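Since we're looking at a predicted model, the values are computed, not measured.
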Amino acid sequence: MIDKEKIQAGVKLLLEGIGEDIYREGLAETPERIARMYEEIYGGMYEDATEHLSKRFHVKNNEMVIEKDIVFYSTCEHHLLPFYGKVHIGYIPSGEVVGLSKLARTVDVFAKRLQLQEQLTAQIADALMDNLSPKGVIVMIEAEHMCMTMRGIKKPGSKTVTVVTRGGFQEDEALQNRFLQMVK
C-alpha cells in the first residue's frame with residue numbers, strides 16, 4: 001500500500017531542494033495533500049483488472065464491439081509528469097461480452113500507475129484477451145505527454161498514438177481498418 005508518511009517526507013525534501021520554505025502558509029499542508037492525491041492517482045497499483053472483467057454476458061452475435069473516447073489520465077514513469085488522452089477499444093466476442101463500463105474501469109486500473117503509453121496499451125489488450133477470450137482485440141491510445149509539452153522539446157498539442165492488436169486483429173488488416181474508420 002501507499003506509505004503516506006514517506007511521501008510527505010519526500011515532498012518536504014523536494015520543496016526544500018528547489019529552495020522553498022516548507023513552513024510558509026501556502027506550502028504547510030502540501031505534503032499531506034500530495035500524499036492523499038497520490039493515493040488516488042496511483043490507486044490502480046493495487047487493483048486487478050480481472051475483478052472488473054469477471055462479470056460477463058452471453059451473446060449469440062459475435063460482431064465487433066467498440067468503446068471509444070475513454071478519457072484517461074496517467075503518469076509517465078520517466079519524468080513523473082502526466083500524460084492524458086483517449087483510449088479506443090475494439091474486440092470480437094467469443095460468445096460473451098463485458099459491460100461497457102467495465103472497459104473504462106479496466107483502462108483506469110492500468111492508467112492509475114506509473115506508466116509508459118506503449119505498456120499501457122498492451123496491458124489493456126492483454127487483460128481483455130486473458131479474461132474475455134475474444135476472437136481478437138485492438139486497443140488504440142492517443143495521448144498528450146506533459147514531458148513533451150512542459151519541458152524538453154516543448155511541443156504542446158503533439159500527440160502520441162499507440163496501437164496494439166491481438167488475435168484476429170493481428171491477422172486481418174481489413175478488420176484493423178474497419179476499427180480505425182469507426183474510431184475516427
Drop me the distance from Asp130's CG to Thr50's OG1, to the nearest 0.5 angstrom. 7.5 Å
If we ignore hydrogens and angles and just use 3.5 Å, is the side chain of Glu142 paired with the main-chain N or O of Lys159 as donor and acceptor? no
Applying side chain to side chain contact (heavy atoms under 4.5 Å, CB included), run through Ile22 and Leu27 and close with a yes or a no. CA-CA 6 Å; Ile22 63 170; Leu27 293 177; 5.6 Å; no
Under 3.5 Å, is there a donor on one side chain and an acceptor on the other for Glu144 and Thr149? yes
Please check this pair: side chain of Asn62 against backbone of Gly95, looking for a donor-acceptor N/O pair closer than 3.5 Å. yes
If we only count heavy atoms from C-beta on, is the Lys68 to Met182 side-chain gap below 4.5 Å? no
Any side-chain heavy atom of Leu81 sitting closer than 4.5 Å to one from Arg151? yes
Taking atom types as modelled, is there a side-chain donor on Gln176 or Gln170 under 3.5 Å from an acceptor on the other? no
Taking all non-hydrogen atoms of both residues into account, name the closest pair between Ala49 and Ala127 and its distance. CB-CB, 4.2 Å
Val164 side chain near Thr162 side chain, heavy-atom distance below 4.5 Å: no
Can you say whether the rings of Phe83 and His145 are parallel (under 30°), tilted (30 to 60°) or perpendicular (over 60°)? parallel
Rounded to the nearest 0.5 Å, what separates atom CE in Met64 from atom OH in Tyr91? 12.5 Å
Using the rule that two of Ile, Leu, Val, Met, Phe, Trp, Tyr join whenever any of their side-chain heavy atoms come within less than 4.5 Å, decide whether Leu103 and Phe110 are in one cluster. yes
Compare every heavy atom of Phe57 with every heavy atom of Gly99, then report the nearest pair and how far apart it is. N-CE1, 3.9 Å
Is a donor from one side chain sitting under 3.5 angstrom from an acceptor on the other, for Glu67 and His88? no
Do Cys147 and Cys76 make a side-chain contact, defined as non-hydrogen atoms from C-beta onward lying under 4.5 Å apart? yes
Checking Arg178 side chain against Ala174 main chain: does a donor-acceptor pair fall under 3.5 Å? no
CA sep, side-chain torsions, deciding dist, call: Thr121, Val163, side chain to side chain contact (heavy atoms under 4.5 Å, CB included): CA-CA 7 Å; Thr121 312; Val163 178; 5.8 Å; no
Is there a path of hydrophobic side-chain contacts, each under 4.5 Å between heavy atoms of I, L, V, M, F, W or Y residues, that connects Leu80 with Leu14? no
Same cluster or not: are Phe72 and Val161 linked, directly or through other Ile, Leu, Val, Met, Phe, Trp or Tyr residues, by side-chain heavy atoms under 4.5 angstrom apart? no
Is the backbone of Ala125 close enough, under 3.5 Å, to the side chain of Arg166 for a donor and an acceptor to pair up by distance? no
Between Arg33 and Gly26, the two heavy atoms sitting closest are NH2-O, 3.4 Å
CD1 (Ile153) with more than 12 external heavy atoms under 6.0 Å: no
Could you grab the distance from atom CG of Leu53 to atom CG of Leu132, nearest 0.5 Å is fine? 5.5 Å
Do Lys184 and Met140 come within less than 4.5 Å of each other through their side chains, counting heavy atoms only? yes
Are Val59 and Val65 connected into the same hydrophobic cluster when the rule is that any two of I, L, V, M, F, W, Y join if their side-chain heavy atoms are below 4.5 Å apart? yes
Are the side chains of Arg36 and Glu32 in contact, using a 4.5 Å heavy-atom criterion? yes
Provide the closest heavy-atom pair for Arg113 versus Val109 in the form atom of the first, atom of the second, distance. NE-O, 3.2 Å
Under the 3.5 angstrom rule, does the side chain of Gln115 hit a backbone N or O of Glu77 as a donor-acceptor pair? no
When rounded to the nearest 0.5 angstrom, what is the spacing between CD1 in Ile141 and OH in Tyr84? 15.0 Å
When every non-hydrogen atom of Gln117 is compared with those of Ala143, the smallest separation belongs to OE1-CB, 3.3 Å
Might you point out which heavy atoms bring Ser158 and Met148 nearest each other, and give the distance in Å? OG-CE, 3.6 Å
So, the side chain of Arg56 versus the backbone of Asn131: is there a donor-acceptor pair under 3.5 Å, distance only? yes
Once rounded to the nearest 0.5 Å, what's the spacing between atom CD of Glu173 and atom CG of Leu180? 10.0 Å
For the side-chain contact (heavy atoms from CB on, under 4.5 Å) test, which of Val183, Ile66, Val107 pairs with Ile89? Val107
Where do Glu51 and Lys102 land on the salt bridge (Lys or Arg N to Asp or Glu O under 4.0 Å) test, with the steps shown first? CA-CA 9 Å; Glu51 176 186 329; Lys102 304 307 184 191; over 6 Å; no
Is any side-chain N of the basic residue among Glu16 and Lys12 closer than 4.0 Å to the acidic one's carboxylate O? no
Membership question, hydrophobic clusters at under 4.5 Å side-chain separation (ILVMFWY): are Val87 and Leu100 in the same one? yes
Are side-chain heavy atoms of Lys86 and Ile70 found at a separation under 4.5 Å? no
Just by modelled atom types, is the Met45 backbone N or O under 3.5 Å from a matching donor or acceptor in the Lys112 side chain? no
Would you compute the distance between atom CG of Leu120 and atom CG of Leu114 and round it to the nearest 0.5 angstrom? 12.0 Å
Greater than 12 external heavy atoms within 6.0 Å of Tyr73's OH: no
Would you indicate whether the side-chain heavy atoms of Phe169 and Ile92 approach each other to under 4.5 Å? yes
Intermediate values then yes/no, salt bridge (Lys or Arg N to Asp or Glu O under 4.0 Å), Arg24 and Glu20: CA-CA 9 Å; Arg24 73 176 174 84; Glu20 275 289 356; 2.9 Å; yes
